[in-house]
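For reference, positions follow the sequence shown, starting with 1.
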Amino acid sequence: MKPPAIPITDDHIHIDPQNGRGIEAAKDFRRSGGTHIFLVTKPSWSFGVEAASGEDYREVFEATLRVADMIRETGLVVYPVLGIHPAEMSRLAGRMSLDEAAAIMMAGLDLAARYVEEGRAVALKSGRPHYEVAPEVLAASNTVLFHALELGGECGCAVQLHAESGPCTDVVEMAGRAGIPLNRVVKHFATPDTPLMPSFIARHEDIPALARAGRWFTMESDYMDENARPGAVIGPKSVPRFTRRYLDEGLITEEDAWRIHAGTPSRTYGVDIVLP
């Protein structure tokens, strides 16, 4: 049976013409049935940027927006997500104090928020290291994360959270203090136990059951587009292919698919996802 025509949205993907397959990867997504992507800023070092100020991230953000324009020429709808990778803290701390590193990262997020206010991006990216770090590094990272949540509250935009695997329940209190609704705090690479807005890797085994239960969530590939790590985390075709498989095997309904790929991201990011 031919699957119904529905939007197919990848909530977290990287496209990198400099270090990866670039536009060819985006074309793979489209040929597989993909229609919308949330294009997430890669780490600054992917662009050869070693930040010494918040303004230094402008080069990273502008490069991301240029890639978004290139992808749009393939017929895909692209929503840029700009921000600072949490691993930046570890890199900066090798050159300066943690307070200085946090200040630079927060200034970079201030710059990203201005892009959102100008309508050039739809959301911010922040978080904390997903690997074990010293308590003082974690504390500095949480300071940066809280600032990102405050900016999201002020801008009325979502914040994609790159953090450790697990529920991140402490972020609920942080979001409350920051004034950002929980349905706009997106847990990238989520687990089902999170109280935040989950974005699940497309192959996550619980997707069919969660969809049938009416859970609000999105799907992502976290495709890195790096020639040194081909196919990591999963390939650009993954979100369309897994969605089609779930539909073909009767594991999810068309209504479920619309909620995953149109209803949830539209509500979360304040965009209007429709078939192009």
Under 3.5 Å: donor-acceptor pair, side chain of Q160, backbone of D11: yes
Pairs where residues 18-27 contributes a residue and the test salt bridge (Lys or Arg N to Asp or Glu O under 4.0 Å) is met, not counting sequence neighbours: R21-D28, E24-K27
Can you list everything that forms a salt bridge (Lys or Arg N to Asp or Glu O under 4.0 Å) with R267? Sequence neighbours excluded, please. none
Results of ring pair (Phe, Tyr, Trp, His ring centres under 6.0 Å) for H14 - residues two or more places apart only: H12
Identify every side-chain donor-acceptor pair in residues 135-143 under 3.5 Å, counting partners at least two apart or on other chains, and give the distances.
unit_1 : atom_1 : unit_2 : atom_2 : d
S141   : OG     : V137   : O      : 2.9
N142   : OD1    : R128   : NH1    : 2.9
T143   : OG1    : A139   : O      : 3.1

D256 side chain reached by R259 side chain, heavy atoms, under 4.5 Å: yes
Are R241 and R244 side-chain neighbours, meaning at least one heavy-atom pair lies under 4.5 Å? no
Please determine if R95 and E100 form a salt bridge, counting it only when a charged side-chain N lies under 4.0 Å from a carboxylate O. no
Hey, any chance L161 and V172 share a hydrophobic cluster, counting ILVMFWY side chains that come within less than 4.5 Å of each other, even indirectly? yes
Which residues pass the salt bridge (Lys or Arg N to Asp or Glu O under 4.0 Å) test with K42, sequence neighbours left out? D16, E226
Output the rest of the hydrophobic cluster of V122: all Ile, Leu, Val, Met, Phe, Trp and Tyr residues reachable through side-chain heavy-atom contacts under 4.5 Å, sorted by chain and number. F38, V40, V77, Y79, V81, V186, M197, W216, Y269, V271, I273
Taking a hydrophobic cluster as the set of Ile, Leu, Val, Met, Phe, Trp and Tyr residues connected by side-chain heavy atoms closer than 4.5 Å, whether directly or through intermediates, do Y131 and L92 fall within one such cluster? yes
Hits for side-chain hydrogen bond (donor to acceptor under 3.5 Å, both in side chains) against H85, two or more places apart or cross-chain, chain-then-number order -> none
Could you grab the distance from atom OG of S46 to atom CG of N19, nearest 0.5 Å is fine? 6.0 Å
Taking all non-hydrogen atoms of both residues into account, name the closest pair between F47 and A63 and its distance. CE2-CB, 3.5 Å
Is there side-chain contact between F29 and I15, with heavy atoms separated by less than 4.5 Å? no
Working note: D10 + Y223, criterion side-chain contact (heavy atoms from CB on, under 4.5 Å); need CA distance, chi angles, decisive distance, verdict. CA-CA 10 Å; D10 191 326; Y223 176 62; 5.6 Å; no
Would H162 and F189 satisfy side-chain contact (heavy atoms from CB on, under 4.5 Å), going step by step from the backbone distance to the final call? CA-CA 8 Å; H162 181 118; F189 215 107; over 6 Å; no
Please list, chain by chain and in numerical order, all residues satisfying salt bridge (Lys or Arg N to Asp or Glu O under 4.0 Å) with R215, sequence neighbours excluded. none
Atom pair CG/CD of N227 and Q18 - distance to nearest 0.5 Å: 11.0 Å
Specify the closest pair of heavy atoms between L196 and P198, including all atoms of both residues, with the distance to one decimal. O-CD, 3.0 Å
Which atom of V159 lies closest to which atom of A148, heavy atoms considered: CG2-O, 3.6 Å
Answer yes if Y57 and M106 sit in the same cluster of Ile, Leu, Val, Met, Phe, Trp and Tyr residues linked by side chain heavy atoms under 4.5 Å apart, and no otherwise. yes
Taking the side chain from S44 and the backbone from E50, do they hold a donor-acceptor pair closer than 3.5 Å? no
One should read off an interatomic distance between I180 CD1 and N183 CG, to the nearest 0.5 angstrom, of 9.0 Å
Please test D110 against H147 for side-chain contact (heavy atoms from CB on, under 4.5 Å), starting from the C-alpha separation and ending with a verdict. CA-CA 9 Å; D110 290 340; H147 185 65; 2.7 Å; yes
Any residue meeting ring pair (Phe, Tyr, Trp, His ring centres under 6.0 Å) with F61, in chain and number order, not counting sequence neighbours: Y115
Can you confirm whether the side chains of D99 and S97 place a donor and an acceptor under 3.5 Å from each other? no
So, for C168 and A163, which heavy atoms are closest and what is the spacing to 0.1 Å? SG-CB, 4.0 Å
Using a cut-off of 6.0 Å, state whether more than 12 heavy atoms not belonging to E255 lie near its atom CD. no
Looking at R114 and E118, does any basic side-chain N land under 4.0 Å from a carboxylate oxygen? no
Looking at every non-hydrogen atom in both residues, tell me the closest pair between A52 and I104 and how far apart they are. O-CD1, 3.4 Å
According to a 4.5 Å side-chain heavy-atom criterion applied to Ile, Leu, Val, Met, Phe, Trp and Tyr, with indirect links allowed, do M89 and V60 form part of one hydrophobic cluster? yes
Same hydrophobic cluster for L151 and L182, using side-chain heavy-atom links shorter than 4.5 Å among ILVMFWY? yes
All heavy atoms of P167 vs all of P195, minimum pair found to be O-CD, 3.3 Å
When rounded to the nearest 0.5 angstrom, what distance separates NZ in K187 from OG1 in T218? 11.5 Å
Answer yes or no: is there a donor N or O on one side and an acceptor on the other, between the side chain of S199 and the main chain of H188, under 3.5 Å? no
Just by distance, do the side chain of K125 and the backbone of T41 share a donor-acceptor pair under 3.5 Å? yes
Name the atoms and distances for all side-chain donor-acceptor pairs under 3.5 Å in residues 67-75, with sequence neighbours left out.
unit_1 : atom_1 : unit_2 : atom_2 : d
D69    : OD1    : R72    : NH1    : 2.8
R72    : NH2    : V78    : O      : 2.9
T74    : OG1    : I71    : O      : 2.6

In residues 229-240, what donor-acceptor pairs under 3.5 Å come from side-chain atoms, sequence neighbours left out?
unit_1 : atom_1 : unit_2 : atom_2 : d
S238   : OG     : G235   : N      : 3.2
S238   : OG     : G235   : O      : 2.8

In Å, rounded to the nearest 0.5 Å, how long is the span from CD1 of I260 to CD1 of I8? 9.0 Å
Within-4.5 Å side-chain heavy-atom neighbours: V171 and V185: yes
I'd like to know whether L247 forms a side-chain contact (heavy atoms from CB on, under 4.5 Å) with I6, so could you lay out the CA-CA distance, the side-chain angles of the two residues, the decisive distance to 0.1 Å, and finally the verdict. CA-CA 11 Å; L247 284 164; I6 58 169; 3.9 Å; yes
Are the side chains of V144 and S126 in contact, using a 4.5 Å heavy-atom criterion? yes
All N/O donor-acceptor pairs, side-chain side in residues 201-209, below 3.5 Å, sequence neighbours left out:
unit_1 : atom_1 : unit_2 : atom_2 : d
H204   : ND1    : D206   : N      : 3.1

